[in-house]
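Have a look at the structure below, then the notes.
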Amino acid sequence: MSLPDFDMVLFGGTGDLARRKLLPALFDAHRCGGMHAASRILATGSHAQTTEQYIATLEETVRPALGQAKPEDWASFVQRICYVQADARQPGNFDALAEKVHSRNPEVVVCYLATAPHLFVPICEQLHRTKLNTPNVRVVLEKPLGHDLDSNEAINAAVAQFFTEDQIYRIDHYLGKESVQNLMAIRFGNALFEPLWRREWVQDVQITIAEELGVETRGDFYDRTGALRDMVQNHLLQLLCMVAMEPPASLSEDAIRDEKIKILKALKPITPQDVAEKTVRGQYREGAIGGKPVPGYLQEQGIAPDSRTETFVAIKAEIANWRWEGVPFYLRTGKRMQSRLAEIVIHFRDVPHAIFPKPLTLSPQNRLVIQLQPEESIRLYFLAKQPGDTLELTPTSLDLDFAHSFKVRRAGAYERLLRDVIRGRLGLFVRRDEQVQAWRWVEPIIDTWDASSVPPKPYTAGTWGPAASSALMSRDGALWHEEV
Ligand code: BG6
């Protein structure tokens, strides 16, 4: 489907996110057609360089990761790119930028702020001063939006002086993943699961985002941030909302966001007294990933030698409402884990009375596994009779493997979300009140950890995290999905 004519101003155009995610996503959108011939990408950075120089760096840093990109696609893509110096401390830069945009006057202008968050407000001030905040301008704010509730509110309040809420797109790229959309389709496009999607039938829910990667080149940023702020406050809580929310009245953006905020508000607070029992924080030590040795967190570049920043978090969350009372939601994320895996597992309760011999496994027999990464799939596990002269049951599954079931290209998360911004669809973006509520919930955990003399639990790189993470589950008689 074709997109309206747009200019995308990419603040942080020389940064890591632009290189790894945004430019490849824009390339895919370009390659697959539908982009207006005149649409441009105005990449900005704080230092002076020509467009040719900028494109030459993209040749080395972006193009190799695009796989089999056809030379003609790349050549036509880079023709859309123009480099503009935009140092937030130099207003003159913004006059030149605004002149460039106003000279063409596209239907939509997207200002993507992929910079450090302390630059968000100065950039928005300049956009306002140069009249780059008219109603056709949309501003995309990358996470992390602040460091805590106060700094988040300060940024949101400042941005709100220059842009209305419907011009502000707070991005959480996990909401753009195909399987997350499919979770909505499964829940609200079918009548099948709805009667089961509640405390009477669900025993527990597990949400895992595990990465093999360490902190890479972002040590300095990561050491000030940690896994709770980097992954739980946003991605994991958003996934939890998608699993737990009530059916929205429609697909309209506020109908969905109104339901998500109810879940965030219903999360039981984790008090300082609960922290030891309901949370685990860990930090990786040297180990091996895929058979290759990797350094420990404290040996990574940019990390303080006595850092207590967590690279792993597990939390038992609970939702105080009629649907979910008593159902634990186990959340877990970590760097340098055994494998790259993002999945949501819904464990259903066992049959009330067993007439067949019980299979020799501790895990609940009926579970729905929604895998986001490395492959996107949905799998429903149940028991079936073993063929032959036996009454024994054996676990089996119904699989929906998207790559096999749908032979069409599936856009990546960033590409989908960028398309939504250009089209003005806010449904997959986070509203200000959701962000505030998510910070409110995580902040007491951060404060308690900061005040505690107990350091994060060490775990060996290439494992599933500290032993305390399994202990968190076993106290409830549960197991992480991969331990089954
Ligand atoms: C980002 C975090 O939001 O998500 C990174 O800042 C993390 O630390 C990344 O690596 C994970 O995203 P994905 O889509 O690669 O799982």
Side-chain angles (χ1 to χ4, degrees), residues 12 15-25 28 65 112-117 120 140-147 152 169-183 207-240 242 281-284 289 294 297 300-303 307 309-313 331-344 370-377 402 410-418 428-430 434-435 438-439 442 446 461 465:
D16 182 64
L17 186 75
R19 226 176 27 239
R20 283 190 312 117
K21 304 275 190 187
L22 303 177
L23 288 162
D28 280 341
Y112 199 119
L113 272 54
T115 63
F120 288 2
V140 184
L141 305 179
E142 251 303 334
K143 62 169 270 287
L145 209 60
H147 198 66
N152 173 260
Y169 290 68
R170 297 179 194 83
I171 199 163
D172 184 314
H173 75 279
Y174 265 73
L175 292 181
K177 296 196 187 251
E178 187 79 17
S179 329
V180 178
Q181 308 291 294
N182 250 309
L183 172 59
I207 309 180
T208 296
I209 306 179
E211 298 183 82
E212 285 183 2
L213 292 179
V215 293
E216 310 301 295
T217 53
R218 300 193 307 157
D220 184 42
F221 155 80
Y222 195 87
D223 208 32
R224 284 178 281 115
T225 307
L228 193 71
R229 290 184 176 94
D230 190 39
M231 302 294 286
V232 179
Q233 188 274 341
N234 31 70
H235 304 323
L236 276 166
L237 287 184
Q238 284 293 326
L239 293 182
L240 177 143
M242 299 304 268
R281 60 170 171 159
Q283 193 184 70
Y284 62 83
I289 301 277
V294 293
Y297 180 70
E300 303 268 22
Q301 217 182 353
I303 307 299
S307 171
T309 299
E310 77 286 355
T311 60
F312 173 94
V313 179
L331 312 178
R332 175 177 61 158
T333 184
K335 295 224 179 262
R336 289 287 191 226
M337 305 270 287
Q338 189 164 321
S339 53
R340 179 171 180 252
L341 175 75
E343 67 178 16
I344 300 170
I370 300 154
Q371 195 172 91
L372 284 60
Q373 278 161 193
E375 303 303 332
E376 295 189 305
S377 66
F402 295 114
R410 281 163 300 134
Y414 270 99
E415 183 189 342
R416 169 174 300 107
L417 293 173
L418 286 172
L428 295 178
F429 294 83
V430 181
E434 291 179 68
Q435 239 175 19
W439 274 116
V442 297
I446 300 176

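By convention here, the first residue in the shown sequence is residue 1. Each ligand, and each atom within it, is numbered from 1 in the order the structure gives. As the structure is a computational prediction, the values presented were derived from the model and not from experiment.
Protein residues with a heavy atom under 4.0 Å from ligand 1 are Lys21, Lys143, His173, Tyr174, Lys177, Glu211, Arg218, Asp230, Met231, His235, Lys335, Gln373.
For the atom pair CG (Leu17) and CZ (Arg218), the distance works out to 9.0 Å, reported to the nearest 0.5 Å.
A salt bridge links Lys143 to Asp230: at least one charged side-chain nitrogen sits closer than 4.0 Å to a carboxylate oxygen.
Judged purely by atom type and a 3.5 angstrom limit, Glu310 uses its side chain to pair as donor or acceptor with the backbone of Leu228.
If you check the side chains of Asn152 and Gln435, you find a donor sitting under 3.5 Å from an acceptor.
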After noting the C-alpha distance and the side-chain angles of Leu417 and Tyr169, does the key distance pass the side-chain contact (heavy atoms from CB on, under 4.5 Å) rule? CA-CA 10 Å; Leu417 293 173; Tyr169 290 68; over 6 Å; no
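Using cut-offs of 30° and 60° for the angle between ring planes, the Tyr222 and Tyr297 rings count as perpendicular.
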